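These figures come from a predicted structure and were not determined experimentally.
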Amino acid sequence: RLLQVSKNYRSVIRACMEDMHQAATSTRDPALHSQYSTQVSILSAMELIWNLCEILFVEAAGAGPLLLRLLDWVRLHVCDVDSMVREVMSSENPAKHELFWNVVDIFVLQGRMDEARHLLSKEASANPTSVNMYKILDDLMKKMPVPGLGNTQTLTEMELKWQHWHEECQRYLQDGTFASNSHMESICKILLGDDDAILEKKELITTWYHFLVTRLLYSHPTVKPMELRMDLFLGRESSPESLDTILMAAFEFEMHQVIKECSIALSNWWFVAHLTDLLDHCKLLQSHNLYFGSNMREFLLLEYASGLFSHHSLWQLGVDYFDHCPEYGRVYLELHIERIPLNTEQKALKVLRICEQRQMHEQVRSICKIMAMKALRNNRLGSALSWSIRAKDAAFATLISDRFLKDYSERGCFSDLDLIDNLGPSMLLSDRLTFLGKYREFHRLYGEKRFSEAAKLLLLLMTAHIAPCSFWMTLLTDALPLLEQKEVIFSAEQTYELMRCLEDLTAGKSDKQKFQDDVETMKVEMLRLALARNLARVIVKEGTLEGS
Amino acid sequence: VMEDVCAKFVSQKISKTRWRPLPAAALQPPDLFATGSWDNEDNRISIWSVGHLGNVGLDGVYQGEPQLLCDIRHNGDVMDMQFLDQERIVVASSTGTVTIFRHHQNNQTLSANQRWEKAHYHVDQDTCCGGAACTGIICNNPEIVTVGEDGRINLFKADQKDAVRTIDNADSSTLHAVTFLRTTEILTVNSIGQLKIWDLRQQRNEPSQILSLTGDRVPLHCVDRHPNQQHIVATGGQDGMLSIWDIRQGTMPVSLLNAHEAEMWEVHFHPSSPDHLFTCSEDGSLWHWNTSTDIAEKPSFLHQGGRSATYLPHNTSNQSIVSAWLSNDPTKDRMEITNLILNQTLSVNSLDVLGQCLVYGTDAEAIYVNRQLFA
C-alpha cells in the first residue's frame, strides 16, 4: 500500500513535469522558456531521487528483484536511447547504420537482452561471415541467468548457474572466438563484467549510477550494492554535484543523509516533507529526537505547512498538515490561523469553522471579536451582534447594546429597529441586550396604547434591576407621560415603587451635584410632582367603592 | 451515478459555477458554464465548454472533461455570479464592485462590458468609503439587484450608468443573498436569520414583510424561490439547516430540515423539476433532495436510446409539489436525500443544475460536471 502511495507521488511529479514541458515549448518568451526548462530538470531530478528511494527503501526489494528494479530505474531515466533506437530501426538497413553498434551496446549495458539479440540478428543476416560468432554470442545472451524473474530458485542456485555461465563466457573470450569482430568482443567483455570494457562505453552510459547498475548486473547480480567506486567513472578532477551526493547517500542507505542533502539542494520543503513522511510510515526512520523535542518528520511537515500559511490561498491545506503533527501541530495552527487576513465575511466564516471543528475556542472568540469590531466601526450594528452571538461573547453584546442605548439617548429614537425588534432568544446573551429588547418592547406597547402593560414593564425593568442605573433617569422620564394621562395607569403600589426608585436614584448624589445640574433638578422636581399627583388620584380611585 | 462525474483540477479555488442558460426552445443539454475563483492574488472568470455533440460515448453519454474556452482577470474574490443573458454575465466582487462581462462567441474572448464601482461600501468613521463586499446578485434582464455586507440594496439596469434605486441601510446586518419573488418584489436574507420582502414599486425604504427563524437567529446564507410556486422559498443557514417557507402563511418557516454539518452555501430548486432540490456546504457535501411523490417513477428525461432530443417536461401537477415541500415529513418515505459526493474533502462552494446536468466547484481547486443526474 505504501508502495502505491509512493508511485502516486511520482506520477504527480511526472504530471507536473509534463505541464511544465508543455508550457516551456509553447512559450515564445526566452526568459520564460529557460525558467520552465529549469523547472523541468529540477522536477525530473526529483523524480529520479524519489524513484531510487522507492526502490531501495519503500519497496526494499530483496537481492534478486532489487537489480531488476534498478535496471528499470536506469532505463527510465536515460532518454537519449529511445531517439537513437528509433533512428536506427527506421533506417533502411539498420545493420549498416553508423549508430548500429551503439544501440546494441546500450541494450547490453542496460540488460535488454532480447532487444539486443533482435538487432544482432539483423547484423547476422547482413553479414554471413560472422554467422558463427553471432550464434555463439546470441546463445550466451539468451542463457544469461536473470535474477528474480518470477522463478522459484534460491539465491544459491542462481549464483551457481551464474557462475557456470560466467565461466562459459570466459572460455569463449579466451579462445579468441570473437577476435575478428571487435564489437562483439567488447560485448563479450561487458558480459563478463570487465570494468575497462564498460568504461569504454562512457559516452553511452553518461552517468555514474548507470555504470554502477551495469556493473552490478554483470559482476554480482545477487548481491546488495557494493561500495561505490565513483571515481573510476568521473575521474579525479570533477567534484560531485548535489544530485550525485544525494544518490550516493541513497545507495549507501543513509536515509538521514539523503534527507539532509535534499533539504539543502531544493528550495522548497515539499519534496523532503513528503518523502520523510512516507519513509516514516514505512517505519524506517529511527525516532531520534531532535533537541527541541519533535522528530524529523514532524519538523519537516511543520516547516512545510508554515510555508503554506504564508500563501494567499493554500493556507487551507496547511491546516490538514498541522492536524497530522501530533506534538506541535495544534500550537502551530493556533498561532497561524489568527494571522490569516480576513477580507470578507465568508472567508472569516471558513476560518471559524476550522477553529470550531478543532475546539479552538480562544481563536473563535478572538476572530469574532475582530470581525465584530470591524462591523462596529462601519456602523453595522446588526453584523456586530451577529458575530458576538457566534462567539457567545456576552461582553461584546453588552458593548453593542450600550451603543444602541447611547444612540437612543442622543437621537431620541432607535436605529435599526429591525434588529432590536427581532432579537429572539439571543436577547438572553447579555443582560444589557435583554434590557434593550425589553425597553424597545415598552416603546412598542406604548405606541400601541397598551398603557397598563407598558407601565408594568417599565416598573419591572427598574425593580428587577434589568436596567442599568445610568438609564433609570431616562426610564423615569419615560414614565412621565404615563403619569400625566387622563386615566390613572399606575396603581398606588406601583407609584410607591416609582417614588422609591426616584429616591434611590437621587440619594446617591451629593448636594453639590444636585445644585449643579439645573435640568436634572428640574426633571426630578417634575417627577416628584407627577408622582404625587398620581398618588393622590389613585388613592381616591382605589378608595372609591366600585359599583356604588 | 458516480461514474458519470467528470473532475477537472484547475489550480484555483472555485467560488461560483453557473450554467449558461438555454434559449427557450432549446432541445440540447447545456454545454457551457462559467466559473469564478476566490482567494487568489489574480482571480479569474472562466468559460468552459463541456461535451461536444460529436463526442458521444458508448451509452450515449457525452464524454470529455471541461475545456477552457477563455478567461479574464477579476479584481477581488468572486462572491456571486449570474448570467444576464446568453452573452453577458454579472459578477459581484469582494471589493464592492459589480461588473458585467461579455462573452464574445466568435473569437472566444471575455471583456468587461460595464462596471459599477463602489456599488457597496462602508462609510468608515476614520477613513472614508472603504469597499464592502457585494455578496449577492439576482438578474431579470435588464434589471440587476445586488446586496452586500454594507446592508445596502441596489437596483441597476444593464447599460444604465447610475443605479435606478438604492436602499441605504436596508439592513443593519450583512445581506447574504437576494432573489426575485415577482418582477417587482425581492426577498433578502441576512446574518441575523431574517427574510425581508421588499416591494420595489413602493418608494419607502422599509420591507413590506419580515419573516424570521424561531429560536436562535442563525445567519442565512442562501435563498432560492420555487420555479413555479412564487410563495415557496428555501433558505440555507450557517448551521447547515435547510428551511422551507411559505410566504403567504405566517412569519415562521414551514419546515426545518437538518442537513449539513456546516454552512450551507447554495440552495437550488431544479428549474424544470422542482420537486428536486440541491444544496452544497462547507462540510464538503452536496445533497440531492428528492420529494417526487413516487420515487420509483423518475422524471422522464432523455437518454432512452442515445441521441434523441431532450425534452424538459414542465410539471403541471402543482398540487403534488405543494404538498411535497410544504407538508413534508422526512420520516415518511416521501423524501429521498442523497449525498452526491463520494470523497468529501474541502468545501463545495457552489453548484448549478440545468436539465440533466450538474456542475459544482470546491475549495480543493476542482470543478465537477455530472451530465446524467437522473439516470
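Heavy atoms from other residues, nucleotides or ligands lying under 6.0 Å from NE2 of A:His324 number 12 at most. The local environment of CD in A:Glu448 is crowded, with over 12 non-hydrogen atoms from other residues, nucleotides or ligands closer than 6.0 Å. Around CD of A:Glu18, the count of heavy atoms belonging to other residues, nucleotides or ligands within 6.0 Å does not exceed 12. A:Asp431 CG: 12 or fewer foreign heavy atoms inside a 6.0 Å radius. Around the NE2 atom of A:His443, the shell of radius 6.0 Å holds more than 12 heavy atoms that belong to other residues, nucleotides or ligands. More than 12 heavy atoms of other residues, nucleotides or ligands lie within 6.0 Å of NZ in B:Lys8, so this atom counts as buried by the packing criterion. Applying the 6.0 Å contact sphere to CD of B:Gln209 captures more than 12 heavy atoms from other residues, nucleotides or ligands. A 6.0 Å sphere centred on CD of A:Glu362 holds no more than 12 heavy atoms belonging to other residues, nucleotides or ligands.
Proximity to chain A is absent for every atom of B:Asp283, based on heavy atoms less than 4.5 angstrom apart. Contact annotation for B:Ala133: only side-chain heavy atoms (C-beta onward) come within less than 4.5 Å of a heavy atom of chain A. Only the side chain of A:Trp315 comes within contact range of chain B, with heavy atoms under 4.5 Å apart. Heavy atoms closer than 4.5 Å to chain A are found in the side chain of B:Asp77, but not in its backbone.
Among A:Asn343, A:Asp320, A:Leu349, A:Leu317, the residue making the largest number of heavy-atom pairs under 4.5 Å with chain B is A:Leu349. In terms of heavy-atom pairs under 4.5 angstrom with chain A, the leader among B:Ser212, B:Ser191, B:Ala364, B:Gly193 is B:Ser191. Per-residue counts of heavy-atom pairs under 4.5 Å with chain A were compared for B:Gly151, B:Ser173, B:Gly76; the largest is that of B:Ser173. Comparing B:Glu365, B:Gln194, B:Glu149, B:Gln12 by how many heavy-atom pairs each has under 4.5 Å with chain A, the most go to B:Glu149.
Using modelled atom types and a 3.5 Å distance limit, the side chains of B:Thr174 and A:Ser383 yield a donor-acceptor pair.
Annotation: side chain of A:Asn379 is not in contact with side chain of B:Val123 (no heavy-atom distance under 4.5 Å). The side-chain heavy atoms of A:Arg390 and B:Gln238, taken from C-beta on, include a pair separated by under 4.5 Å.
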Run the numbers on A:Gln346 and B:Trp38 for side-chain contact (heavy atoms from CB on, under 4.5 Å), then give the verdict. CA-CA 11 Å; A:Gln346 197 162 353; B:Trp38 77 285; over 6 Å; no
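A salt bridge links A:Lys347 and B:Asp39; the closest N-O separation between the charged side-chain nitrogens and carboxylate oxygens is under 4.0 Å. Using a 4.0 Å cut-off between a side-chain N of Lys or Arg and a carboxylate O of Asp or Glu, B:Asp363 and A:Lys350 qualify as a salt bridge.
Taking CD from A:Gln357 and CD from B:Glu282, the interatomic distance works out to 7.5 Å, rounded to the nearest 0.5 Å. The line from OG of A:Ser313 to CG of B:Asn40 is 5.0 Å long, rounded to the nearest 0.5 Å. With rounding to the nearest 0.5 angstrom, the CG atom of B:Asp150 is 9.0 Å from the CG atom of A:Asn378.
Of the possible donor and acceptor atoms, none in the side chain of A:Arg380 sits under 3.5 Å from a partner among the backbone N and O of B:His122.
Scanning all heavy atoms of the two residues, the minimum distance from B:Ala262 to A:Arg353 falls at CB-NE, 3.6 Å.
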